Structures are given as structure tokens and as C-alpha cells.
Amino acid sequence: MESRTQDIARQSVIIASATFMLIAAAVGSGAFGGTSVSELQDGALSAQGSYLAPAGPAFSIWSLIYIGLIAYTVWQALPAQRADERQRAVGGWIAASMILNGLWLVTAQFLTLPLTVLMIALLLATLARVIVILGRSRARTWPERIVVDGANGLHFGWVTIATVANVSAWLTQIAPESWADQAEIWAVAVLAVVLVIGVASALVTRRIAPALATAWGLGWLAVGRFTGEPESSVTGIVAIIVAIALVAAGAFGVLRRSRAGVAA
């Protein structure tokens with residue numbers, strides 16, 4: 001009886017967290033008359049906020065992520081998932097990620113840029129924990145693979161590049177003007193770090209969804225640097241190279257997982 005009560009409580013918390021995330025998304029994006037994200041924090045979070053900010057269309061991925069997380073919320077609430085050990089292990093962390101997702105938007109709308117950096121760093125760490133837990137066991141069905149592993153993998157991959165953009169926007173605001181001449185060099189250096197972390201993540205987790213989401217952001221980052229301000233062909237070219245490498249690493253990781261499954 002105690003386990004059943006805890007399971008129902010977990011399912012209810014996830015539903016409440018998803019509801020909060022969606023309400024916060026509406027409020028934080030300015031849907032109820034507030035300021036749009038691109039205009040928040042004096043434009044620091046816009047596509048022109050830094051060398052590592054993706055172009056505007058990149059953010060359309062949020063629609064897919066939200067649809068996936070809503071589908072997950074409905075799926076995990078089904079009686080068949082109530083006592084699932086995988087959901088018992090990861091459900092609370094996914095709920096926390098949805099709360100932090102909403103808090104980032106609220107923070108961006110009403111508080112300060114440094115606090116958005118803190119929120120997105122916590123969100124990234126939480127999603128990394130989700131991916132690690134999911135990696136300990138395999139999804140048993142295709143629906144689970146899509147709404148649990150897929151949705152959270154996309155969330156993790158996108159927040160990875162969003163964290164880079166958010167931190168870069170903050171540093172752009174506080175850095176001395178003398179640093180502007182080295183901005184392109186720093187951008188390339190950060191992309192190199194993204195490459196190392198992204199490839200390592202893809203090979204360890206053996207999932208392609210995070211790589212695809214990060215590569216999507218990098219592709220639009222390149223578009224922003226080729227066609228918008230601040231312009232930087234070097235940054236754009238490096239972003240494309242990193243995106244291709246991440247997708248290749250993700251595909252290789254999936255292939256390794258498939259082979260391991262056959263061998264087992």
C-alpha cells in the first residue's frame with residue numbers, strides 16, 4: 001500500500017510539474033502580454049546577444065520538446081507505469097527538470113541575467129542526471145523509447161547549446177570592451193569544448209536524440225553568424241563541423257548499443 005501511494009504521488013508530482021512548466025512558458029514567453037524572450041534582459045537572450053546565440057528559428061525545437069514532455073506526462077500517468085522501476089528511478093528527476101525549465105523562463109522575464117545562468121546550469125545538471133539514469137536500463141517498448149528517452153534526450157541536447165548561449169550572453173554583458181577583439185577566438189574555444197563533451201556524451205549514453213538537438217542549435221548558430229550580427233564566418237564554419245561530428249558520434253553510439261543488444 002505504501003509503495004502504491006508513493007507511486008501515485010510521483011505520478012501526480014510529474015503532472016503538476018508539467019502544468020507549471022507550460023504555464024511558466026506562456027508567462028515567460030510573453031503570451032499574456034509580457035515581453036518576448038528575444039527582448040528580455042536588454043536583448044541579451046536574442047539571436048544577436050552573442051557569437052554563440054542561435055538564429056531565431058532554432059527555438060522552434062521547443063514546440064517538439066514540449067509535445068514530447070506532455071506525451072511523457074500522459075504516458076507515465078497510466079496505471080501500467082505506476083509501479084515501473086525505471087519510472088520510480090527517473091520520474092522525480094524529470095519532474096525537477098520541468099520545474100527548472102519553467103523557472104528559467106520566469107527568471108528571464110522578471111529577474112536578472114546572472115540568475116538565468118544559475119537556473120539553466122541547474123537544469124542542465126538535472127537533465128544530465130536523467131540521461132544517466134535512463135542509460136542504466138533500456139526502454140521496453142517503442143512508445144517508451146520515444147516519450148521517455150527521446151523527449152528527455154532532445155531536452156538535454158537543446159539545453160546543452162542553450163546553456164552555452166546563455167552563459168555567453170552574460171559574459172558578453174560583463175566582459176571588458178578590450179575582450180571584444182578576442183570574442184571570435186573564445187567562441188571557437190567554447191565550441192571545441194562542446195565538441196568534446198558532446199562526443200563523449202553520445203558515446204557513453206549511446207543515444208542520438210541529444211546529439212540531434214545540439215546539432216540543430218549549432219546549425220542555426222552557424223546561420224546566425226553567416227547572415228546576422230555579430231557576423232563571424234569562422235564561428236559559423238566551426239559550428240557546422242561540430243554539429244556534423246556530434247551527429248556522427250550519436251549514430252555510432254546507437255550502432256554500438258544495437259550491437260551490444262544483439263550480442264546479449
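Since the structure is predicted, the reported quantities are computational estimates derived from the model, not experimental observations.
Side-chain N/O atoms of Ser137 and Arg86 include a donor and acceptor closer than 3.5 Å. For the residue pair Gln87 and Arg10, no side-chain donor N or O sits within less than 3.5 Å of a side-chain acceptor on the partner.
For the side-chain contact (heavy atoms from CB on, under 4.5 Å) test with Leu118, the passing option among Thr116, Leu122, Ile120 is Leu122; the others fail. With Glu184 as reference, Ser232 is the one residue of Ser233, Pro230, Ser232 to meet the side-chain contact (heavy atoms from CB on, under 4.5 Å) rule.
Residues Leu127 and Val13 do not share a hydrophobic cluster, clusters being chains of Ile/Leu/Val/Met/Phe/Trp/Tyr side chains in contact below 4.5 Å.
In this structure, CG in Leu221 is found 10.0 Å from CZ in Phe226, a value given to the nearest 0.5 Å. Separation of atoms CH2 (Trp104) and CG (Leu111) is listed at 12.0 Å; rounding is to 0.5 Å. Taken from OG1 in Thr214 to CG in Leu195, the straight-line distance is 11.5 Å, to the nearest 0.5 Å. If you take CE on Met119 and CG on Asn101, they are separated by 12.0 Å, rounding to the nearest 0.5 Å. In this structure, CZ in Phe156 is found 12.0 Å from CD1 in Ile65, a value given to the nearest 0.5 Å. Within the model, atoms NE2 of His155 and CG of Leu124 stand 10.0 Å from one another, a figure rounded to the nearest 0.5 Å.
For Trp216 and Phe59, the gap between ring centers reaches or exceeds 6.0 Å.
Ionic pairing of Asp84 and Arg140 is present here: one or more N-O contacts between side-chain nitrogen and carboxylate oxygen are shorter than 4.0 angstrom.
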For Trp186 and Leu52, what are the C-alpha separation, side-chain angles and deciding distance, and is it a side chain to side chain contact (heavy atoms under 4.5 Å, CB included)? CA-CA 10 Å; Trp186 282 109; Leu52 296 174; over 6 Å; no

Apply side chain to side chain contact (heavy atoms under 4.5 Å, CB included) to Asp149 and Arg138, showing your working. CA-CA 9 Å; Asp149 298 65; Arg138 299 188 66 172; over 6 Å; no

Under the criterion side chain to side chain contact (heavy atoms under 4.5 Å, CB included), I'd like the reasoning laid out for Gln81 against Asp7: C-alpha separation, chi angles, the key distance, then a yes or no. CA-CA 9 Å; Gln81 314 308 326; Asp7 289 334; over 6 Å; no

Please report the C-alpha distance between Val27 and Leu105 in whole Å, then the side-chain angles of each, then the deciding distance to 0.1 Å, and finally whether the side chain to side chain contact (heavy atoms under 4.5 Å, CB included) criterion is met. CA-CA 8 Å; Val27 172; Leu105 281 163; over 6 Å; no

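Residues Gly217 and Ile161 approach most closely at CA-CG2, 4.2 Å, considering heavy atoms. When all heavy atoms of Val242 and Leu218 are compared, the closest pair comes out as CG1-CD1, 3.6 Å.
Between Trp158 and Pro210 there is no side-chain heavy-atom pair separated by less than 4.5 Å.
Taking the six-membered ring where the residue is Trp, Tyr66 and Trp62 present parallel rings, their angle staying beneath 30° rather than reaching 60°.
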